[in-house]
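What follows is a short report on a single structure.
Proteins get letters first, then strands, A, B, ... in listed order; numbering begins at 1 in each. Computed from heavy atoms alone, side chains included, the values below leave out hydrogens, waters and symmetry copies.
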Amino acid sequence: MEEQRHLLSILVDNEPGVLSRITGLFSGRGYNIDSLSVAETVEPHVSRITMVTHGSPGILEQINKQLNKLINVIKVTDLTGTHYVLREMALIKVNAKTEHRAEILRITDIFRGQIVDVGTDHFTVKVTGDPEKISAVLNLLKPMGIREIARTGCIALPRENGNSNKNA
Amino acid sequence: MKLKGAQILMKMLQEEGVDAIFGYPGGAVLDIYDALMDTDFKHILVRHEQGAVHAADGYARASGRVGVCLVTSGPGATNTVTGIASAYLDSIPIVIFTGQVPTHLIGNDAFQEVDIVGITRPCTKHNYLVKDVKDLARIVKEAFHLARSGRPGPVLVDLPKDIINATTTFKVPGEVRMRTYNPTYKPNIRQLQKIIDLIAKAKKPVIFSGGGVNLSKAHEELTKFARNAQIPVTGSLMGLGGFPGTDNLWLGMLGMHGTFRANMAITECDLLIGIGVRFDDRVTGKTDEFAPNAKIVQIDIDPTSIQKNVPVSVPVVGDCRISLSMLNDLLEKIDLSGIEEKRKQWLDQITEWKNTTPLAYKQGDTIKPQYVIETLYELTGGEAIITTEVGQNQMWAAQYYHFTEPGHFITSGGLGVMGFGLPAAIGAQVAAPGRTVVDIAGDGSIQMNIQELATAVQYGLPVKVAILNNGFLGMVRQWQELFYQRRYSSTKFEHTPDFVKLAEAYGATGLRATKPSEVKKVLKKGLETKGPVIMDFVVEQEESVYPMVPAGAPIKKMLLV
């Protein structure tokens, strides 16, 4: 059956070992994690895990049920096909020779990024958006020579009713 | 009341109604064992920690209560892993307490330190590392609650030595409230109504009963349901005992070593009602050709079991007993007159399958293992609690002993643990002191936990062990015979101990039968003898279990005798 990509928002107890239960479930049962990000919520005892995963509809159904079965999982929301806002941040350390410096600044500006570190021969660009936007920036910066990148993975929240378009 | 952690643990075990603990002491749990001296718990000192978990498992299945196991840190803890994984796959409620090094040493690779919470995460329903003595009482209460509620399973509690020694004010915790855990017991009645509608239309329905029916003690409701709707019943290995094995509607076990009629009925049926099952690969064979003409209904308390292995038309999340009881109520509302007439053709077909291709074996000059079990069934009147090891002994026990109620057939179904039967028999005997408990074993698997014979002798637990001694690792040999051109790679035991002498060395009784004519005599004597007995049946060496569905084949493609 056809593979689908899904975006899950998982509320869990903020306790040691919980992330390991989740990742262990995925590795043990052969499920895929494309990206994962975790942090505390307004409630200090609760963390939110935002995860992008993919699989056949049967596997995705199992992922949802198996996550819910874990004692430390409070709630699993599949955001796919609902209204949500999604962001990812990337830090991109790129070669910045004299002839390229203006071009890098322009690209950063177009994508509403920021230069967060400057050296004699490099810039570190910070850019935020959906994964496609970050891929676009990376493509444009590639010719200059990317030294290192760090990406946060997606984070997402459902939109309040009726405020925006449905995401894919 | 100020108490030490170890005393709090004892108080909580009393609160939970524990009467027996299976365990093995060591450095990290000295304080717990010291506190144990001041209580009335029956502590069964096993000879290996694996035995402790299997015994707690056997105890839980025979009693329907939570089994408890107590071991030390490090190797004590790692030795429990096989038993925990077995209980996890069979959904058996046990709580395992492991000692741990003091909290300040955790992560230091201290002596006898192991991350048992990390190791057992994928094979427990849940587990805990207690980091503050103030949490201890609540955690113990939660552990028992989790083990026995919903889909039951093993829960492990890791107890660092300093926590056990720390003192705090003890108060019995109130009701367990966990916002993340709330199993669904009561099913959706609209889904149940759909099942009733399908039953009314079906011409060739079959019920497939599993471990969930035994765990929720739904046997009476299932029997009523099947009889009223005149639906034949088959069972998985874990489902044996959920429906009377002596009833006319009983098809026998299905799957890889299922009966001809059960596998044919599944293949031909137009409605399959799975209750407390997960459609394991040993049951379905090739899933594409499993019940190809049927609408499949599945009732299970665990949503992850539903539709995991086969697509399901009517999924029902709920407790098996409650669901069946509600189905019985719904069934009463429809007109079932003439149901026997309506089902006649289907039931006649099943009888024909039964008559043309029954479970069978050929008698000869040597003892046939099937004959031993048939005779055991006859002599015990079907009343014994049977435990098994794993392999041929297990399959023959499932085929030739007929079970009529839950808790009478105790076997490591999901994980298939050799060495399970003897310690499980010990646990079952502790739970049911007056009953006959027999471990049906092979000469291979009995040697995997034979040391527990000393435990049985020490506590005067009169478990009987019937070894079907064929000198081979029989089931593996059978596969080698059928699928590897009889190339018997490492399945022949060139040396096996004298089990009669071994029994005597342990202080038990040893008996042996080498001819068919001796079988009944030896079984009779063994069952009548007080105390633990090993009966060594020297059986046909190359007997195989039939029917057999080769792995991955459709279940209608059976190899027959």
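Remark: side-chain polar atoms of K65(A) are paired, donor with acceptor, to backbone N or O of I306(B) under 3.5 angstrom. Although no hydrogens or angles enter the test, the distance criterion places no donor-acceptor pair under 3.5 Å between the side chain of Q66(A) and the main chain of T304(B).
Taking CD from Q62(A) and NZ from K308(B), the interatomic distance works out to 6.0 Å, rounded to the nearest 0.5 Å. Atoms CD1 and CE, from I71(A) and M178(B) in turn, are 5.5 Å apart once rounded to the nearest 0.5 Å. Between K69(A) atom NZ and S305(B) atom OG the span is 6.0 Å, to the nearest 0.5 Å. Taken from CG in N68(A) to OG1 in T180(B), the straight-line distance is 10.5 Å, to the nearest 0.5 Å.
Annotation: side-chain contact (heavy atoms from CB on, under 4.5 Å) contacts of R121(B) (sequence neighbours excluded): S20(A), R21(A), V117(B), N127(B). In this view, R65(B) and D19(B), Y59(B), S63(B) satisfy the side-chain contact (heavy atoms from CB on, under 4.5 Å) rule, not counting sequence neighbours.
Proximity to chain A (any heavy atom under 4.5 Å) is shown, for L129(B), by neither the backbone nor the side chain. For P122(B), no part sits under 4.5 Å from any heavy atom of chain A, backbone or side chain. If you measure heavy-atom distances from D13(A) to chain B, the contacts under 4.5 Å come from the side chain alone. E61(A) touches chain B through its side chain: at least one heavy atom from C-beta onward sits under 4.5 Å away, while N, CA, C and O do not.
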* To do: Run the numbers on L70(A) and H126(B) for side-chain contact (heavy atoms from CB on, under 4.5 Å), then give the verdict.
  => CA-CA 8 Å; L70(A) 292 176; H126(B) 195 55; over 6 Å; no

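In the displayed structure, K134(B) atom NZ is contacted under 6.0 Å by at most 12 heavy atoms of other residues, nucleotides or ligands. Counting heavy-atom neighbours within 6.0 Å of N139(A) CG, excluding the residue itself, gives a total above 12. In this structure, K131(B) places its NZ atom where only 12 or fewer heavy-atom neighbours from other residues, nucleotides or ligands lie under 6.0 Å away. Remark: N108(B) CG is packed, more than 12 non-hydrogen atoms of other residues, nucleotides or ligands lying under 6.0 Å away.
Annotation: residues 25-53 of chain A contacts chain B through R29(A), E43(A), V46(A) [non-hydrogen atoms, separation under 4.5 Å]. Scanning residues 276-284 of chain B against chain A with a 4.5 Å heavy-atom cutoff picks out nothing at all.
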